[in-house]
Amino acid sequence: MFIRLVLGVSVALIVVAVPASAHVVSADADLRVAQTIAGIELTVVLRRTPEVPGPLHVDLIAYQPVRDLTIDLAVAGSAGTVRLHRDRPGTYPVVLQVQNGGPHELLLKASGEVSALPFDVRVAQSATWELVVYGGFGATGVLLAAALVAGALARRWTALSLGGIGVVAMVVAATVAVVSPQLGSEVRDSGRPNAQGFLSVTPAQPRAGDEVIVRFELVDGSTGLPVNDLAVHHDALAHLVITSEDGEFFTHVHPIRTSEGRLETRLIAARPGRYLAYLDLERLDAGGQLISGTFDVGGPAHEASPRAASWRFPAGRPVTVEVDTGTTGLQPWLGMAGHMITRDHAGTFFGHVHEQSPMSISDGTVAQHGPKLRFTMSFPKPGKYFAWVQYVQDFKVVTVPHVIEVFS
């Protein structure tokens with residue numbers, strides 16, 4: 001009984017000791033990363049990879065609007081092509097090859113844009129300390145069984161010798177099992193600073209109707225070097241929300257990683273005026289943060305259309321908003337049934353809350369939510385707020401704008 005207990009504790013320690021990572025593809029885990037490339041919203045799913053060398057199954061899940069588009073994919077010398085078809089959302093599979101475990105980059109190329117997605121391939125390999133633990137406990141079992149046999153045959157000294165050796169083997173194995181979490185574990189800097197972000201646009205002085213490249217350069221606050229340790233959180237390396245100051249323009253995209261520390265997206269600046277950009281990201285072992293910036297778009301001034309408030313809430317108190325979508329066929333997007341993004345009129349407050357259902361493990365292809373979505377939030381001060389509710393139906397991201405009046 002004691003041996004079984006020690007063995008069970010050792011196995012548990014081994015499982016717990018496996019270091020976590022935000023970009024892992026293994027025999028037990030898929031990796032999902034949202035990307036907005038060539039104007040199309042995708043979820044890139046890297047399927048479980050049980051062995052290397054071996055196949056890497058990649059699914060591109062495309063959301064409407066979808067147009068005819070060729071996307072080239074490559075990883076470590078292996079290449080493939082996916083062709084999207086107009087008005088045909090859903091899953092597009094491709095099979096690549098990986099030759100070894102460790103860090104990789106999946107390259108996606110479409111319409112002159114190139115995205116480099118980092119990921120790790122991990123396959124089960126027995127470390128030396130694992131062999132010592134399992135071998136030690138195995139030897140303990142054999143030796144103790146032999147000692148019992150020797151005792152039954154009245155060979156006292158033989159039984160004592162075998163039993164003593166067995167106890168030593170058990171102690172060694174148990175000791176290694178206890179200290180194993182520190183063996184070969186990845187050491188990360190838990191005190192790293194936040195990333196510093198610099199926003200720029202191309203062209204530098206865009207006009208309404210222009211295609212604009214919005215670019216964030218991310219550097220470490222202590223070294224000034226490019227940030228290269230973004231974690232996948234809520235199925236994306238980063239979430240970028242851009243709104244016009246008057247709230248008439250809104251987009252929620254997932255910028256591509258074009259190089260170390262550089263994230264980019266393209267959009268059509270539909271309205272003149274000031275635009276507010278909010279980049280939501282997370283560094284490994286350093287938590288999440290929000291980086292914001294502004295840029296201006298020239299052109300004749302347009303008056304914003306007046307909109308009545310959808311809801312009135314008191315400031316500083318948690319409130320629950322219920323949205324009836326009218327259908328039960330909602331698919332999870334970014335791991336959630338729905339999203340509500342809020343911003344105050346001045347642009348100084350930005351909020352992003354998720355629907356109250358548990359986080360989904362679906363890759364987004366299963367319709368399992370609705371018809372009602374519930375969001376709980378609070379607003380820090382009185383005033384006018386803009387809100388955008390987002391959910392996915394039939395592989396289309398639906399965005400419903402609202403105005404909220406918050407009173408004291």
Side-chain angles (χ1 to χ4, degrees), residues 18 20-38 40-50 54-64 66 71 73-75 80 82 84 89-96 98 101 103-108 110 113 115-123 229-241 252-257 263 265 279-284 288 330-339 352 354-355 357-369 390-398:
V18 176
S21 173
H23 313 90
V24 170
V25 179
S26 69
D28 303 313
D30 296 341
L31 176 65
R32 301 176 306 201
V33 187
Q35 290 279 270
T36 308
I37 186 168
I40 294 180
E41 184 68 25
L42 300 174
T43 296
V44 182
V45 185
L46 286 76
R47 298 297 181 184
R48 306 177 185 199
T49 303
L56 176 68
H57 294 267
V58 180
D59 288 343
L60 301 186
I61 301 174
Y63 296 89
Q64 290 282 32
V66 180
I71 302 178
L73 298 92
V75 58
V82 167
L84 306 185
T91 302
Y92 291 81
V94 64
V95 181
L96 306 176
V98 286
H104 292 73
E105 280 191 345
L106 176 66
L107 298 180
L108 293 89
E113 297 185 53
S115 174
L117 290 178
F119 68 98
D120 275 351
V121 175
R122 290 191 183 167
V123 293
D229 57 0
L230 294 182
V232 174
H233 70 295
H234 302 308
D235 290 354
L237 282 176
H239 302 262
L240 176 59
V241 172
H252 172 193
V253 296
H254 304 94
I256 60 175
R257 175 181 175 269
L263 300 175
T265 194
L279 186 70
D280 177 10
L281 57 87
E282 183 175 315
R283 298 182 71 182
L284 291 174
L330 304 185
Q331 299 156 308
W333 181 49
L334 309 173
M336 304 293 175
H339 305 257
H352 184 174
H354 297 133
E355 206 275 334
S357 300
M359 188 168 182
S360 173
I361 60 174
S362 166
D363 60 10
T365 59
V366 180
Q368 60 185 134
H369 299 289
Q390 293 191 290
Y391 54 89
V392 169
Q393 180 182 5
D394 296 329
F395 293 101
K396 181 179 180 180
V397 180
V398 178

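Position 1 is the first residue of the sequence; numbering continues from there.
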- Message: List the residues meeting salt bridge (charged side-chain N to carboxylate O under 4.0 Å, His left out) with Asp394, not counting sequence neighbours, and say none if there are none.
- Response: none
- Exam field: side chain Thr49 to backbone Ser26, donor-acceptor pair closer than 3.5 Å: no
- side chain to side chain contact (heavy atoms under 4.5 Å, CB included) between Asp120 and Val25, intermediate numbers included: CA-CA 6 Å; Asp120 275 351; Val25 179; over 6 Å; no
- Message: If I compare all heavy atoms of Gln331 with all of Gly364, which pair ends up nearest, and what's the gap?
- Response: CB-O, 3.4 Å
- Query: Is a donor on one side and an acceptor on the other found under 3.5 Å between the side chain of Arg257 and the backbone of Ala116?
  - Reply: yes
- Does the side chain of Ile37 reach to within under 4.5 Å of the side chain of Leu42, using non-hydrogen atoms? yes
- Heavy-atom check, side chain of Val95 versus side chain of Leu56, under 4.5 Å: no
- Could you tell me which residues satisfy side-chain contact (heavy atoms from CB on, under 4.5 Å) with His233, sequence neighbours excluded, listed by chain and number? His239, Asp280, Glu282
- Within a strict 4.5 Å, meaning less than it, do heavy atoms of the Val121 and Pro103 side chains meet? no
- Note on the structure: OG1 of Thr91 to CG of Leu60, rounded to nearest 0.5 Å, is 9.0 Å
- Query: Given side chains that start at C-beta, do those of His23 and Leu237 come closer than 4.5 Å, heavy atoms only?
  - Reply: yes
- Under 3.5 Å: donor-acceptor pair, side chain of Glu113, backbone of Ala38: yes
- Does any non-hydrogen side-chain atom of Val24 lie less than 4.5 Å from one of Leu31? no
- Task: Sort out for me which residue in His234, Gln35, Glu41 forms a side-chain hydrogen bond (donor to acceptor under 3.5 Å, both in side chains) with His254.
- Result: Glu41
- Message: Is a donor from one side chain sitting under 3.5 angstrom from an acceptor on the other, for Ser360 and Gln368?
- Response: yes
- Measuring from Ile40:CD1 to Tyr63:OH, what's the distance to the nearest 0.5 Å? 13.0 Å
- Query: With a 3.5 Å cut-off and no angle check, do the side chains of Glu355 and His339 form a donor-acceptor pair?
  - Reply: no
- Task: Can you sort out the partners of Arg47 under side-chain contact (heavy atoms from CB on, under 4.5 Å), two or more places apart, ordered by chain and number?
- Result: Asp30, Val45, His57, Asp59, Asp363
- Task: Would you mind reporting whether Leu107 and Leu117 have side-chain heavy atoms less than 4.5 Å apart?
- Result: no
- Message: Could you check, using the six-membered ring where one of them is a Trp, whether His252 and Trp333 have ring centers closer than 6.0 angstrom?
- Response: yes
- Note on the structure: Tightest non-hydrogen contact, residues Leu263 and Ala238, listed as CD1-CB, 3.7 Å
- First locate atom CG of Leu334, then atom CE of Met336, and finally report the distance between them rounded to the nearest 0.5 Å. 8.5 Å
- Message: What I'd like to find out is whether the side chain of Val392 reaches to under 4.5 Å of the side chain of Leu330, using heavy atoms alone.
- Response: no
- Item | Value rounded to 0.5 Å, distance of CG in Leu108 from CG in Leu106 | 4.5 Å
- Message: Determine whether a donor-acceptor pair (N or O, by modelled atom type, separation under 3.5 Å) exists between the side chain of His369 and the backbone of Ser357.
- Response: no
- Message: Using side-chain heavy atoms (C-beta onward) and a distance below 4.5 Å, is Val397 in contact with Gln390?
- Response: yes
- Note on the structure: One should read off an interatomic distance between Thr36 OG1 and Ile256 CD1, to the nearest 0.5 angstrom, of 9.5 Å
- How far apart are the C-alpha atoms of Val66 and Phe395, what are their side-chain angles, what is the distance that settles it, and do they pass the side chain to side chain contact (heavy atoms under 4.5 Å, CB included) test? CA-CA 10 Å; Val66 180; Phe395 293 101; over 6 Å; no
- Query: Atom CG of Leu96 and atom CG of Leu46: how far apart are they, to the nearest 0.5 Å?
  - Reply: 8.5 Å
